[in-house]
Amino acid sequence: MNSRFISAALATAMIVAGASASAEIKPADVVWEDEIAIPMSLTGVPGDPARGAEVLSKRSLGNCVACHQNSAMPDVAFQGNVGPTFDGVGARWSEAELRGLVANAKRAFPGSMMPVFYNDSPADYIRPGDAYTAKAYNPETFSTLLTAQQIEDVVAYLVTLTEY
Ligand code: HEC
């Protein structure tokens, strides 16, 4: 492969990466409606329900099923009942409300045990890893528990859960 081709490919990759980064709404720039809902997509890229289901059930990702039962996933073991069941959640809440709940449930439910999945401030985080480090809050390295696209994927999955 010649070097001109490589640099052209690299430049293209950088443009693509830059475009997606700038389209993403940062936690601090999220526009809320009625304090609990987020009407606008965080990325502009439609969520993928299959990937959302993975985020929901994987311990290393959202691990939502640790607290929420979901009949649509009979194969997932150890589903919790700390929070309401996901059965019918897509009928109880609008897409905008679901986006708001997944991003920051403490807006709708102050003092909720549910982790804040999209917030760049450590203020109301439940994140054991950070609690045990002596490091000061650094906005450059601090990351949200889920990425903007993972939130969109989860919301795209939750809206499909309309049956009780
Ligand atoms: C540590 C437990 C916990 C985890 C983990 C958790 N939640 Fe929750 N969630 C709750 C609780 C508790 C509530 C009920 C609100 C309240 O009273 O705090 C709730 C409420 C909700 C609601 C509103 C449900 C309804 O029908 O009223 C949605 C939607 C939701 N959570 C989605 C999620 C998603 C998606 C994830 C994973 C990305 C998640 N939750 C992870 C505890 C949790």
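The structure presented is a predicted model; accordingly, all values stated were derived computationally and were not measured. Whatever order the structure lists them in is the order used to number ligands and atoms, beginning at 1.
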- Start with the C-alpha distance between S41 and E152, add both sets of side-chain angles, then the distance that settles side-chain contact (heavy atoms from CB on, under 4.5 Å), and finish with yes or no. CA-CA 7 Å; S41 164; E152 292 304 320; 3.6 Å; yes
- Task: May I have the step-by-step check of side-chain contact (heavy atoms from CB on, under 4.5 Å) for V154 and F117, ending in yes or no?
- Result: CA-CA 11 Å; V154 167; F117 287 98; over 6 Å; no
- Message: Is there a side-chain contact (heavy atoms from CB on, under 4.5 Å) between L158 and L161? Walk through the geometry before answering.
- Response: CA-CA 5 Å; L158 290 177; L161 301 178; 4.1 Å; yes
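For ligand 1, the atoms lying closer than 4.0 Å to a non-hydrogen atom of V89 are 26 (O), 29 (C). Which parts of ligand 1 touch V102 is read off a 4.0 Å heavy-atom cut-off, strictly below it: atoms 35 (C). Close approach of ligand 1 to M113 (heavy-atom distance below 4.0 Å) involves ligand atoms 1 (C). Atoms of ligand 1 lying under 4.0 Å from at least one heavy atom of V154, given by number and element, are 35 (C). Annotation for ligand 1: atoms under 4.0 Å from non-hydrogen atoms of L98 are 29 (C).
Among pairs with a residue in residues 65-110, those fulfilling ring pair (Phe, Tyr, Trp, His ring centres under 6.0 Å) read H68-F86, at least two apart in sequence or across chains.
Proximity of A66 to ligand 1 is not established, as no heavy-atom distance is less than 4.0 Å. Residue P84 places a heavy atom under 4.0 Å from ligand 1.
M114 and V102 get closest at one heavy-atom pair: CE-CA, 4.2 Å. Annotation for A53 and M73: closest pair O-CE, 3.3 Å, computed over non-hydrogen atoms.
With respect to atom 17 (O) of ligand 1, the closest heavy atom belonging to the protein is F109 CD2, 4.0 Å. Closest protein heavy atom to atom 12 (C) of ligand 1: V82 O, 3.6 Å. Atom 11 (C) of ligand 1 has as its closest protein heavy atom G83 CA, 3.6 Å. Protein heavy atom nearest atom 28 (C) of ligand 1, with residue, atom name and distance: F86 CE2, 4.3 Å. Of the protein's heavy atoms, C64 SG, 2.8 Å lies nearest to atom 36 (C) of ligand 1. If you check which protein heavy atom lies closest to atom 5 (C) of ligand 1, you get C67 SG, 3.6 Å.
Of the residues R99, K58, R51, the one that meets the salt bridge (charged side-chain N to carboxylate O under 4.0 Å, His left out) test with D153 is R51.
Atom-to-atom distance recorded for L61:CG and L145:CG is 11.0 Å, nearest 0.5 angstrom. For the atom pair N104 CG and I36 CD1, the distance stands at 11.5 Å (nearest 0.5 Å). Note that the OH atom of Y118 and the OG1 atom of T147 stand 8.0 Å from one another [nearest 0.5 Å].
Taking distance alone, with nitrogen or oxygen atoms compared against 3.5 Å, W93 approaches ligand 1 more closely than that limit.
When rounded to 10 degrees, the angle formed at atom 8 (Fe) of ligand 1 by SD (M114) and NE2 (H68) equals 180°.
Of the listed residues (G111, P115, S112, G90), the one carrying the non-hydrogen atom nearest atom 18 (O) of ligand 1 is S112.
No part of V55 comes within 4.0 Å of ligand 1, judged by heavy-atom distances.
In the hydrophobic clustering of this structure, V45 does not group with L42; members are Ile, Leu, Val, Met, Phe, Trp, Tyr whose side-chain heavy atoms approach within less than 4.5 Å, directly or through other members.
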